[in-house]
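Values below: every heavy atom of this structure, side chains too, minus hydrogens, waters and symmetry copies. Read the numbers this way: they start at 1 and go in the same order the structure lists the ligands and their atoms. Bear in mind that the values here come from a model prediction, so they are computed numbers and not experimental data.
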Amino acid sequence: MHAWLCENPVGVDALTWKELPTPQPGAGEVLIEIQAASLNFPDLLIVQNKYQMKPPLPFVPGSEYAGVVRAVGEGVKGLQIGQTVACLSGTGGFGTHTLAPAKLCMPLPDGFPAVDAAAFIMTYATSHHALIDRGQLKAGETVLILGAAGGVGTAAIQIAKAQGVKVIAAASTAEKCDLCKAQGADATINYGTENLRDAIKTLTDGQGPDVVYDPVGGELAEPAFRSIAWRGRYLVIGFAGGPIPALPLNLPLLKGASIVGVFWGDFARRESQANAAMMGELARWYAEGRIKPVIDRTMPMNELKAAYARMGSRAVMGKLVMVN
Ligand SMILES: NC(=O)c1ccc[n+]([C@@H]2O[C@H](COP(=O)([O-])OP(=O)(O)OC[C@H]3O[C@@H](n4cnc5c(N)ncnc54)[C@H](OP(=O)(O)O)[C@@H]3O)[C@@H](O)[C@H]2O)c1
């Protein structure tokens with residue numbers, strides 16, 4: 001097998017494409033031949049030692065992937081050799097094969113393409129948990145989605161529209177705003193050229209959005225929070241923009257508003273039954289055609305460094321997927 005190895009987490013340049021012995025699964029594990037693996041923002045952070053999870057060295061990055069089970073370890077139930085699965089195990093995806101804990105593998109129904117499956121779990125689960133559980137978003141309300149053309153952003157647009165919510169999608173370029181419109185956004189704000197607060201005011205008749213979905217942080221956070229509606233919910237998803245913003249605490253007081261943290265990974269670990277029910281709903285929505293990953297492009301696995309560069313330069317729209 002081959003894989004991208006991170007022996008020193010000092011950035012993408014230090015990754016090397018190596019031939020490694022194909023491992024045999026231990027108890028509770030399966031060997032997966034990877035067909036597709038998507039890039040999530042944490043994959044960029046983890047190879048720079050900037051992510052909350054710090055795997056022992058060396059490791060193979062690639063949190064989320066889909067492929068075919070090629071060997072099954074002792075005690076594994078419900079998975080067979082030849083079955084296609086999607087898996088989000090945190091590492092291992094950027095290669096030709098990986099070992100994965102069987103309990104993290106989701107068997108794929110017929111007709112679920114590997115590229116979609118590899119681009120599904122992290123973004124849709126995060127956005128569903130954020131908007132519906134943590135944000136209590138209801139039909140008839142308005143949500144403002146920042147970084148709306150990115151991975152979690154495009155999933156958030158689709159989920160909010162599936163809930164009958166008015167979506168204002170905000171992104172940094174006209175091309176990204178066009179993509180958001182095509183995904184169902186009711187209105188867009190190009191914060192590369194427009195003043196965010198003024199645009200929100202105009203689009204909400206001065207009322208502000210009920211929910212703000214923020215995976216970007218940085219300079220956008222404070223103006224977005226200042227624009228939120230009475231009893232608004234500000235969802236803290238991530239900090240793709242770099243600096244972690246700080247908000248003056250008089251702002252939530254004045255709006256009777258909440259700052260709501262979202263950590264899907266821990267939700268899945270701590271509340272596994274609720275997470276399984278949510279994943280079931282998302283799989284149904286996919287089968288009904290209500291949600292579908294937006295694939296920026298697929299790239300061959302050996303072009304991972306170019307893919308990372310594309311993500312780091314904010315060029316990705318939707319999800320970038322590496323394929324074998
Ligand atoms: N809380 C959770 O449970 C959870 C789960 C998954 C992901 N996340 C977080 O959510 C965030 C987004 O993840 P993602 O996979 O959707 O990433 P992504 O596809 O790269 O989207 C991130 C968006 O952030 C914006 N951005 C602003 N400054 C940027 C910069 N310097 N570099 C890159 N992007 C920048 C870009 O939109 P514009 O160009 O339009 O500004 C980009 O589309 C990350 O911080 C990630 O860690 C959190």
Side-chain angles (χ1 to χ4, degrees), residues 12 37-48 50-53 61-64 88 90 93 118-135 144-159 168-181 183 185 188-194 196 213-221 223-224 234-245 259-271 275 278 293-297 307-321:
V12 175
S38 74
L39 258 81
N40 288 290
F41 206 79
D43 297 318
L44 191 55
L45 300 176
I46 204 167
V47 298
Q48 302 171 71
K50 289 185 183 166
Y51 192 52
Q52 57 243 34
M53 184 182 106
S63 49
E64 182 174 17
L88 201 156
F120 192 77
I121 302 177
M122 171 94 80
T123 50
Y124 285 94
T126 298
S127 293
H128 189 295
H129 172 55
L131 294 171
I132 295 170
D133 183 0
R134 303 294 290 134
L144 168 71
I145 300 170
L146 303 175
V152 295
T154 45
I157 295 175
Q158 294 177 5
I159 289 169
I168 302 174
S172 64
T173 68
E175 199 189 359
K176 289 184 174 187
C177 287
D178 288 346
L179 174 95
C180 296
K181 274 255 158 134
Q183 291 306 310
T188 57
I189 300 172
N190 176 350
Y191 49 65
T193 56
E194 292 175 74
L196 185 62
Y213 179 98
D214 182 8
V216 182
E219 297 175 342
L220 298 178
Y234 192 96
L235 302 175
V236 181
I237 311 294
F239 313 105
I244 296 178
I259 300 171
V260 183
V262 176
F263 187 178
W264 169 68
D266 248 32
F267 165 71
R269 278 182 285 277
R270 290 167 185 266
E271 302 178 42
N275 183 59
M278 181 185 84
V294 176
I295 306 300
D296 175 78
R297 62 186 58 191
Y308 266 121
R310 190 167 166 77
M311 176 169 255
S313 65
R314 293 166 84 163
V316 177
M317 298 205 294
K319 296 276 292 176
L320 198 48
V321 182

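When every heavy atom of I237 is checked against every heavy atom of A130, the shortest pair comes out as CD1-CB, 3.7 Å.
The proximity of K319 to ligand 1, defined as any non-hydrogen pair under 4.0 Å, does not occur for either the backbone or the side chain. Counting heavy atoms closer than 4.0 Å to ligand 1, residue F239 contributes backbone atoms (N, CA, C, O) but none from C-beta onward. Here V152 has heavy atoms under 4.0 Å from ligand 1 in both its backbone and its side chain.
Ligand 1 has a nitrogen or oxygen under 3.5 angstrom from a nitrogen or oxygen of G151. Where the criterion is an N or O separation shorter than 3.5 Å, residue side chain and backbone included, V316 fails it with respect to ligand 1. For ligand 1, the polar-atom distance check against A149 finds no nitrogen or oxygen pair separated by under 3.5 Å. Between K176 and ligand 1, at least one N/O pair is under 3.5 Å apart. Considering both main-chain and side-chain atoms, V262 comes within under 3.5 Å of ligand 1 through a nitrogen or oxygen pair.
Which parts of ligand 1 touch V216 is read off a 4.0 Å heavy-atom cut-off, strictly below it: atoms 24 (O), 25 (C), 27 (C). Interface of T126 with ligand 1, defined as ligand atoms under 4.0 Å from a residue heavy atom, comprises 2 (C), 3 (O), 4 (C), 5 (C), 6 (C).
Taking the charged nitrogens against the carboxylate oxygens, K181 and D178 have no contact shorter than 4.0 Å, which rules out a salt bridge.
No donor-acceptor contact under 3.5 angstrom links the side chains of Y191 and S172, judged on distance only.
Considering CD of E175 and CG of N190, their distance stands at 11.0 Å, rounded to 0.5 Å.
Contact analysis puts Y191 in contact with ligand 1, with a non-hydrogen atom separation below 4.0 angstrom.
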